[in-house]
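As the structure lists them, so they are numbered: ligands from 1, and atoms in each ligand from 1.
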Amino acid sequence: MGPSLTENDRKYVCVNCGKEVKSLFKKYSASVLKLTDCENCHSVADKYVEYDVVIIIIDLVLLQKVAYRHILFNVDFKNFWKLSVIILLMEAYSELMRSSSEQHAKNSDDKPFLNEFEEMADFLFYKLSLSVALKTTCFIVVLYFLTQVYCKMLKKNPIDFITVWKSLTISSFGLFLLLPSLIWDTSIQEVHLCVVSLYTTLSQLLAYTAMCDCPKLWSIVAIFCAYYCKTFCLDFFDMLLLMLKNI
Ligand SMILES: [Zn+2]
């Protein structure tokens, strides 16, 4: 019994070892299916086929590489761009809260914080959204470029831009940890931001290692190069805005 034509078009990956498999399961009837074993590691190629989405999300939160491989290669997660827009808006909003609370701390008068926040919110939010979109795009483009170089050097199958974008979006869900502060506290502590940044960076390193099937050292080099370029792009954007303001 060979795989159907549609299965031939699609590439799947064993979540345990990262090697390609032809299919994830064989369907014998409407209610009977058997999970495929990987020819390389002899384990079940993708156990998550039978798992509930909540368990997959828990494994993602627990930074399980197998769960990342499942989401990146074995699932049609077409709406990930909606998730990336939500993450972008949340990041811009948290930046806005941070800059407005810094502004409030500088002003010594007794003006209520929320009034001050509303006054500066509109324009600044658009500016911050644009700046976050730019730095995220820069991060993905640099990471994509480095991934192509790595694949070419090791003669691996090239990884497309969408997969790189997907891996970065999924690994940025740690930013949702900012939600409690944004909703109830209306201010963000530096220590909270540091914890979230650390967790997000760890997720990105893990997602990149799962995507490229590369050594951890290369993941660290690639992520930090992309991060450095993102910071440079942000500085350039701020300088451009300052120049436009002075004209
Ligand atoms: Zn395997």
Side-chain angles (χ1 to χ4, degrees), residues 1-80 83 140 143-174 199-223 226:
M1 196 196 299
S4 68
L5 277 175
T6 46
E7 280 173 336
N8 271 333
D9 295 339
R10 176 81 199 259
K11 281 177 188 168
Y12 297 101
V13 157
C14 165
V15 295
N16 308 295
C17 66
K19 295 283 175 278
E20 272 186 27
V21 287
K22 284 176 190 162
S23 64
L24 298 177
F25 57 84
K26 275 179 185 168
K27 204 167 185 175
Y28 291 102
S29 71
S31 57
V32 179
L33 57 89
K34 185 180 179 294
L35 296 181
T36 310
D37 286 338
C38 169
E39 287 173 7
N40 184 51
C41 66
H42 307 292
S43 311
V44 172
D46 191 348
K47 61 180 181 178
Y48 290 107
V49 170
E50 290 187 323
Y51 282 23
D52 192 74
V53 71
V54 177
I55 301 199
I56 301 172
I57 292 173
I58 290 172
D59 275 1
L60 283 175
V61 173
L62 293 174
L63 303 179
Q64 299 284 326
K65 204 195 272 184
V66 283
Y68 277 96
R69 282 203 183 112
H70 169 76
I71 294 281
L72 284 175
F73 298 109
N74 297 343
V75 170
D76 272 330
F77 184 28
K78 284 182 182 144
N79 287 331
F80 74 93
L83 181 65
I140 300 172
L143 208 59
Y144 172 69
F145 174 73
L146 289 172
T147 309
Q148 293 307 101
V149 171
Y150 177 78
C151 291
K152 238 182 192 141
M153 271 165 58
L154 295 190
K155 296 189 173 77
K156 285 185 164 205
N157 288 337
I159 293 168
D160 59 18
F161 186 77
I162 298 291
T163 310
V164 178
W165 182 13
K166 214 196 236 185
S167 80
L168 205 77
T169 304
I170 295 163
S171 57
S172 298
F173 68 85
Y199 180 77
T200 308
T201 311
L202 276 177
S203 314
Q204 285 168 350
L205 285 171
L206 194 81
Y208 190 80
T209 313
M211 180 183 72
C212 279
D213 196 19
C214 62
K216 284 187 185 109
L217 187 66
W218 172 253
S219 303
I220 293 171
V221 170
I223 294 287

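For Asn16, there are no side chain to side chain donor-acceptor pair (under 3.5 Å) partners, not counting sequence neighbours.
Exactly one of Leu60, Val54, Val61 qualifies for a side chain to side chain contact (heavy atoms under 4.5 Å, CB included) with Ile58. That residue is Val54.
Note that the CG atom of Asn74 and the CG atom of Asp46 stand 4.5 Å from one another [nearest 0.5 Å]. For the atom pair CG (Asp213) and SG (Cys17), the distance works out to 8.0 Å, reported to the nearest 0.5 Å.
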Quiz: residues 162-170 side-chain donor-acceptor pairs under 3.5 angstrom, not counting sequence neighbours:
unit_1 : atom_1 : unit_2 : atom_2 : d
Thr163 : OG1    : Asp160 : OD1    : 2.3
Lys166 : NZ     : Leu72  : O      : 3.4
Ser167 : OG     : Val164 : O      : 2.9
Thr169 : OG1    : Trp165 : O      : 2.8

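The stretch residues 56-76 participates, sequence neighbours left out, in these ring pair (Phe, Tyr, Trp, His ring centres under 6.0 Å) pairs: Tyr48-His70.
Listed by chain and number, the protein N, O or S atoms at a distance under 2.8 Å from the Zn ion (ligand 1) are Cys14 SG, Cys17 SG, Cys38 SG, Cys41 SG.
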